[in-house]
Amino acid sequence: MQQIVPALGLGLVLVLAGAAAAQQAAAFDQAHAALVAAESTQRPAAARAAAMAFLALPNGPERSARLMEGAEALVAAERAPLAAEVVAEARAIGMRSGRLARVAVAAALRSQDFGAAVAVARQDAVAWPADVRAALLADERLAAAGAERALRQGDTASGRFVFEQLAAAGPVSGYRVANFALCLRQLGEVDEARRQYRLALVLAADDLEIENDFGLFLRAQGDVAGALAAFRRGWQLDLARSADIRGRGPAVTNLVHLAAIGLDAGPGDVLADASRALAVRPDATMLRRLTLDVAVDRAAGRR
């Protein structure tokens, strides 16, 4: 009889521990559901509550079954490095899904670990391309900044990969496609860059910034006529904008620059166009200097 009592005591302890773990798991499930349903103003507090509920879970099957949700809560609570550890734990026990790919990319980006974010994205892009792109898009500022830095530092493969994924993310956006075109231009992939610029202009036909960038690309390729046409379109788009922002686009500066080096920037009077732009941005130093050069040359009979 004395030998049976300790066994019953141990069993009772295990039962109570299991009940406590189940209660904590239920509390986390409730907190996570509240986070999912939270309005934007309520989300920070809901995220903190869900993260704390997850961190309170004891090691065991209840916690292991909720690693993905826990990582989501930690990312939302701005505890990205800890979320990355939870993601690694989930992968170590064989968890794989597009949803986990999203939270893995988010955790890496928000931990300022661009290399890890790219590694995860590359790993999962074949099986879950839409999820990888959605994750990069959700943290586009961090992803694009990391890609630009990678290009500058010579990691062209990572930079190109991220800009390409962002360009393909739905719904496809003209400016993201144009960013990919600029990346390709930097890498010397001229034909593909031209194709991406044209696609960007189909997607955003009234985007004067893209039109201007395309003109700069064409000018760099020696297509002066094409560049002039792009800059003229950009200037006309600029003039079509509302009065509070009209004349602030970059195209007119490029038109005046071409006139300053002796090319015909017509139709119209490029100096009159420059004057309209300078009237709304008198601090545009480069435009003012180029305008003065053209005016001096005209006065001297050189233009």
Inter-residue atom distance Thr253.OG1 - Leu290.CG, 0.5 Å rounding:
7.0 Å

For Val120 and Ala101, work out which heavy atoms get closest and say how close.
CG1-O, 4.4 Å

Start with the C-alpha distance between Glu189 and Arg160, add both sets of side-chain angles, then the distance that settles salt bridge (charged side-chain N to carboxylate O under 4.0 Å, His left out), and finish with yes or no.
CA-CA 11 Å; Glu189 298 183 41; Arg160 188 189 193 284; 3.0 Å; yes

Rounded to the nearest 0.5 angstrom, the CD-OG distance for Glu89 and Ser64 is 6.5 Å

More than 12 foreign heavy atoms under 6.0 Å from CZ of Arg91: is that the case here?
yes

Does the side chain of Leu67 come within less than 4.5 Å of Ile93's, by heavy atoms?
yes

Using every non-hydrogen atom in the two residues, find where Val75 and Ala83 come nearest and quote the distance to one decimal.
CG2-CB, 3.5 Å

Could you walk me through whether Phe54 and Phe28 satisfy the ring-ring contact (aromatic ring centres under 6.0 Å, His included) test, starting with their C-alpha distance in whole Å, then the side-chain angles of each, then the deciding distance to 0.1 Å, before giving a yes or no?
CA-CA 6 Å; Phe54 175 76; Phe28 169 69; 5.6 Å; yes

Smallest heavy-atom separation, Ala71 atom then Val87 atom, equals CB-CG2, 3.9 Å

More than 12 heavy atoms of other residues, nucleotides or ligands under 6.0 Å from CZ of Arg96: is that the case?
yes

Can you tell me if Arg246 uses its side chain to pair, donor with acceptor, with the backbone of Arg241 under 3.5 Å?
yes

Phe161 six-ring centre to Arg122 NZ/CZ under 6.0 Å and within 45° of normal
yes

Spell out, as yes or no, whether a donor-acceptor pair under 3.5 Å connects the side chain of Asp139 to the backbone of Leu142.
no

Look at the side-chain heavy atoms of Ile, Leu, Val, Met, Phe, Trp and Tyr, link any pair under 4.5 Å apart, and say whether Val172 and Phe163 land in one connected group.
no

Show the numbers, then the answer: is there a salt bridge (charged side-chain N to carboxylate O under 4.0 Å, His left out) between Arg99 and Glu72?
CA-CA 9 Å; Arg99 183 179 172 188; Glu72 289 175 340; 2.7 Å; yes

Are Arg63 and Pro58 side-chain neighbours, meaning at least one heavy-atom pair lies under 4.5 Å?
no

Could you tell me the separation between the CD1 atom of Ile245 and the CG atom of Asp238, rounded to the nearest 0.5 Å?
8.0 Å

Are Ile210 and Leu203 close enough, and set up right, to give a side-chain contact (heavy atoms from CB on, under 4.5 Å), and what steps lead you there?
CA-CA 10 Å; Ile210 296 176; Leu203 294 167; over 6 Å; no

Determine whether Leu82 and Arg79 satisfy the following criterion, side-chain contact (heavy atoms from CB on, under 4.5 Å), listing intermediate values before the conclusion.
CA-CA 6 Å; Leu82 191 53; Arg79 304 187 68 173; 4.1 Å; yes

Pair Asp244-Ser242, side-chain donor/acceptor within less than 3.5 Å
yes

Counting heavy atoms not belonging to Glu78, are there more than 12 under 6.0 Å from its CD?
no

Would a 4.5 Å heavy-atom cut-off, applied to side chains only, mark Pro250 and Leu208 as touching?
yes

Could you tell me whether the side chain of Arg66 and the main chain of Glu62 form a donor-acceptor pair under 3.5 Å?
yes

Decide yes or no on salt bridge (charged side-chain N to carboxylate O under 4.0 Å, His left out) for Asp273 and Arg276, but give the supporting numbers first.
CA-CA 5 Å; Asp273 292 337; Arg276 296 181 69 175; 5.1 Å; no

Quick check on Gln221: does its CD atom have over 12 non-hydrogen neighbours (other residues, nucleotides or ligands) under 6.0 Å away?
yes

Ignoring hydrogens and geometry beyond distance, is a side-chain donor-acceptor pair present between His257 and Arg219 at under 3.5 Å?
yes

Supply the atom-to-atom distance Glu148 CD to Asn179 CG, rounded to the nearest 0.5 angstrom.
7.5 Å

Are Val103 and Leu57 grouped together when hydrophobic residues (ILVMFWY) are joined by side-chain heavy atoms under 4.5 angstrom apart?
yes

Same apolar cluster (I L V M F W Y, side chains within < 4.5 Å links), Leu182/Leu187
no

Is it the case that one hydrophobic cluster holds both Leu201 and Val177, taking links as side-chain heavy atoms less than 4.5 Å apart, direct or via other members?
no

For Val162 and Phe114, run side-chain contact (heavy atoms from CB on, under 4.5 Å): C-alpha distance rounded to whole Å, both residues' side-chain angles, the deciding distance at 0.1 Å, then the answer.
CA-CA 10 Å; Val162 169; Phe114 179 75; 3.7 Å; yes

Looking at Met95, I'd like to know if its CE atom is crowded, meaning that more than 12 non-hydrogen atoms belonging to other residues, nucleotides or ligands lie closer than 6.0 Å.
yes

Between Arg176 and Glu140 (salt bridge meaning N to carboxylate O under 4.0 Å), is one present in this structure?
yes

Hey, is the main chain of Pro282 close enough, under 3.5 Å, to the side chain of Arg288 for a donor-acceptor pair?
yes

Please name the pair of heavy atoms, one in Ala200 and one in Ala178, separated by the smallest distance, quoted to 0.1 Å.
CB-N, 3.8 Å

Say whether, by atom type as modelled, one donor and one acceptor occur between the side chain of Arg248 and the main chain of Val280 under 3.5 angstrom.
yes

Is any side-chain heavy atom of Arg185 closer than 4.5 Å to a side-chain heavy atom of Leu216?
yes

Smallest heavy-atom separation, Arg281 atom then Leu287 atom, equals NH2-CD2, 4.0 Å

Determine, for Asp206 against Arg233, whether the closest basic-nitrogen to carboxylate-oxygen distance falls under 4.0 angstrom.
no

Report whether Leu166 and Tyr175 are members of the same hydrophobic cluster (ILVMFWY, side-chain heavy atoms less than 4.5 Å apart, transitive linking).
no

Euclidean distance, Ser111 OG relative to Glu85 CD, rounded to 0.5 Å
9.0 Å

Out of curiosity, Leu271 CG to Leu278 CG, how far, rounded to the nearest 0.5 Å?
10.0 Å

Heavy-atom pair of closest approach, residues Val132 and Ala121:
CG1-CB, 3.6 Å

Between Phe214 and Phe217, how do the two ring planes meet: parallel, tilted or perpendicular, split at 30° and 60°?
parallel

Go through the steps for Val36 and His32 under the test side-chain contact (heavy atoms from CB on, under 4.5 Å), then give the verdict.
CA-CA 6 Å; Val36 172; His32 186 266; 3.7 Å; yes

